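I have placed the structure first, in the form of structure tokens, so that the comments after it can refer back to it.
Each chain gets a letter, A, B and so on, in the order the sequences are listed, and its residues count up from 1. Everything numeric here is computed off the predicted structure, so don't read it as measured data.
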Amino acid sequence: MRRRAFVVKWPLERLSARSLGTSNVAKQAADTSDIGNLSTRPPACPAQGQRSRSTHAVASVLESLGPAVKSWDEVPGPKPLPLLGNTWRFIPYIGGYSVEHVDQVCLSLRKQYGKCVKMAGLLGRPDMLFVFDAGEVERVFRGEDAAPHRPSMPSLNYYKHELRKDFFGAEKHCAGVIAVHGDSWAAFRTKVSRVALSTGAAAQYTEQVGEVADAFVNRVREIRNSESETPSDFLNEVHKWSLESLGLIALDTRLGCFESREGSESQRLIDAVNTFFLCVGELELRAPWWRIYPTTMFKKYVAALDTILSVTLSHVERALQECRDNDSKSLLQDLVAAAGPRVAAVTALDMFLVGIDTTSNAVASTLYQLSQRPDVQDKLYKEISSVLKGRPLRAGDVAQMPYLKACIKEVLRMYPVVIGNGRQLTKDTIICGYNIPKGTQVIFQHYVMANSEEYFSKASEFRPERWLQRSTYKHHAFASLPFGFGKRMCLGRRFAELEMQIVICKMVNSFKMEYHHEPLEYHVHPMYTPNGPIRIKLIDR
Amino acid sequence: MFYKNILISFFKSRSSYLRTYNGVITTFGNYRSVLPLSTTRLALKDEKVKVTFNLYDGRKIEAEGKVGDTLLDVVVNNDLDIDGYGACEGTVTCSTCHVVFKQEDFDRLAEEAGDEERDMLDLAYGLTDTSRLGCQVTLTKELDGLEVKVPESVNDARS
């Protein structure tokens with residue numbers, strides 16, 4: 001799922017030139033017997049994790065190392081200034097503001113400081129540790145306790161636990177999964193994940209999601225311009241598709257996003273979700289004035305959340321009614337049956353908060369990548385045709401399209417919509433040979449790891465085959481984890497995958513896609529997406 | 001109204017479970033046996049299948065399951081002492097129920113691993129060519145006397 005809170009602003013161009021961190025680097029160099037240029041040879045980790053070795057073994061090795069475990073102070077990283085900390089670097093113009101290119105920042109941090117980098121002195125935030133070592137990521141993930149803590153959106157936290165605590169706190173353990181932690185999170189998650197993550201949960205939606213994808217294909221066919229290209233607000237259309245699909249899954253309803261009218265309930269929901277997207281970035285990334293007084297932005301944000309909540313609740317009410325009347329199966333009814341109406345409503349709310357722009361950006365990014373690769377499209381088209389043979393898509397069909405899945409995985413490897421994943425340590429943990437104190441936010445830099453030659457052979461090349469012939473291509477399973485791992489793995493994963501597979505399948509089956517403009521750079525917005533209008537030429541097949 | 005809904009849905013959930021998992025609604029059954037962690041279907045005719053788990057620490061655990069049970073069901077229903085086994089309750093989001101088959105048994109399995117399972121196996125410790133997730137392997141009569149290896153440390157993020 002999404003990580004918004006750690007999207008930090010960081011000076012890009014100046015970073016490599018700054019000499020602020022040199023003292024730490026020097027110390028680090030002295031500590032390791034390696035005397036080499038650190039920018040080319042990052043310090044080796046004493047406890048480098050290895051696949052197929054148990055955590056216990058690593059832990060005992062570490063204990064026996066004893067004095068070799070270095071303290072938190074010794075972790076390399078850009079040095080904070082007195083009083084100002086590192087926050088000054090985020091100030092626009094002065095610090096070299098670049099929230100949009102945090103991906104490049106992370107790359108250069110990796111180059112300059114090595115496999116784990118400390119970002120200390122962030123005013124109003126816990127210290128952060130960036131980890132670029134897949135073995136260590138694996139170790140931390142596997143060592144997690146029953147309720148891992150995930151740094152999350154403070155504004156949503158405030159909404160759920162302060163502003164609307166009457167609703168979210170009315171029933172025990174019923175606040176949802178986003179911005180919730182500990183026992184309350186674990187109790188809720190257990191109730192929902194058996195319904196939402198079981199292997200058959202998504203497949204039953206194949207035909208309905210397929211209908212939405214068909215509507216999307218028809219819609220883009222209509223809105224093509226005279227050059228047969230998608231309009232510059234194409235991403236917005238993909239958002240509509242995503243919202244429509246999610247409405248189907250979370251609320252059993254066709255919201256009618258493609259033909260929505262002013263004032264209708266679905267239009268209110270669309271507007272609210274859009275407002276939420278716009279506001280959450282502003283509230284989380286800029287100075288948090290809303291903590292002191294309710295700013296206009298914050299009021300809009302709360303109103304949007306209220307709308308989403310009330311619309312969601314009314315649909316859950318209806319689903320309850322239908323649940324009594326007939327025995328049809330759907331996620332919503334399963335949830336109501338398994339855990340009660342309130343859990344179902346809150347789950348739907350959380351799905352709306354984090355399930356729309358993640359999926360739609362992944363789809364837009366995949367379509368853009370495919371449009372530049374006719375050979376991949378041909379291969380895909382062949383695969384799809386051989387499975388479908390002209391008939392409509394049925395449940396289980398996508399399971400026979402390994403290349404389609406591999407293409408999506410490959411796009412998410414090279415351009416993960418969420419460039420990293422995070423945990424707030426619930427206990428002191430040794431990472432890369434340093435003792436990292438409890439409460440530190442550890443950010444796993446999947447974008448950097450998944451694009452490094454160290455973990456993927458021919459990392460800079462788009463090769464979906466690597467996911468099919470695993471023996472030919474080297475790969476570390478923990479370097480690219482677009483849906484995260486373990487207890488807090490994306491709860492909507494099965495649905496997101498199904499939605500993406502189906503819509504890509506239908507698009508490739510209907511059009512030959514071409515791209516005839518300047519290549520787009522990717523930026524963090526706050527999803528990692530192509531920066532600029534995605535104008536894909538769609539030629540009917 | 002709200003509490004009424006809760007009551008209804010609560011009652012509803014029980015009855016629908018009974019219908020789904022039991023086929024015949026028993027009025028005297030112990031609910032705990034109907035709503036267990038496992039996904040077992042209560043078979044009316046029990047055909048027993050014997051399974052042996054060879055643990056990484058040298059222990060050998062023998063247990064019996066029914067045709068249609070998964071290996072995870074066997075562990076849960078018999079309350080076998082395998083630390084951290086099957087943490088995600090069969091939702092295929094962890095790899096703690098990882099087991100290694102002998103080649104000939106692996107070839108005999110009724111179903112191949114699905115995509116979800118393969119994705120998770122990829123993240124398992126000590127993956128082998130004959131690895132499977134226990135929650136996705138269903139017992140058949142032919143598998144009677146099956147021996148599987150539980151690899152070193154089934155520790156996972158869910159442990």
query = How about A/Met401 and B/Asp115: do any of their side-chain heavy atoms sit closer than 4.5 Å?
reply = no
task = Would you indicate whether B/Asp129, at its atom CG, is surrounded by more than 12 heavy atoms from other residues, nucleotides or ligands within a distance under 6.0 Å?
result = no
query = How about A/Asp183: does its CG atom have over 12 heavy atoms from other parts shown lying under 6.0 Å from it?
reply = no
query = Does B/Lys50 NZ have over 12 foreign heavy atoms under 6.0 Å away?
reply = no
ask   = Between B/Asp119 and A/Lys405, is there a side-chain N and carboxylate O pair less than 4.0 Å apart?
value = no
ask   = Under 4.5 Å between any side-chain heavy atoms of B/Thr91 and A/Val195, yes or no?
value = no
request  = Mark yes when over 12 heavy atoms from residues, nucleotides or ligands other than B/Glu111 sit less than 6.0 Å from its CD; otherwise mark no.
outcome  = no
inquiry  = Nearest 0.5 angstrom please: A/Phe485 CZ to B/Met120 CE, how far?
reply    = 6.5 Å
query = Near B/Glu112 CD, under 6.0 Å, is it more than 12 heavy atoms from other residues, nucleotides or ligands?
reply = no
query = Between A/Leu197 and B/Glu116, is any pair of side-chain heavy atoms under 4.5 Å apart?
reply = no
inquiry  = Under the criterion side chain to side chain contact (heavy atoms under 4.5 Å, CB included), I'd like the reasoning laid out for B/Leu123 against A/Glu138: C-alpha separation, chi angles, the key distance, then a yes or no.
reply    = CA-CA 9 Å; B/Leu123 299 162; A/Glu138 177 175 7; over 6 Å; no
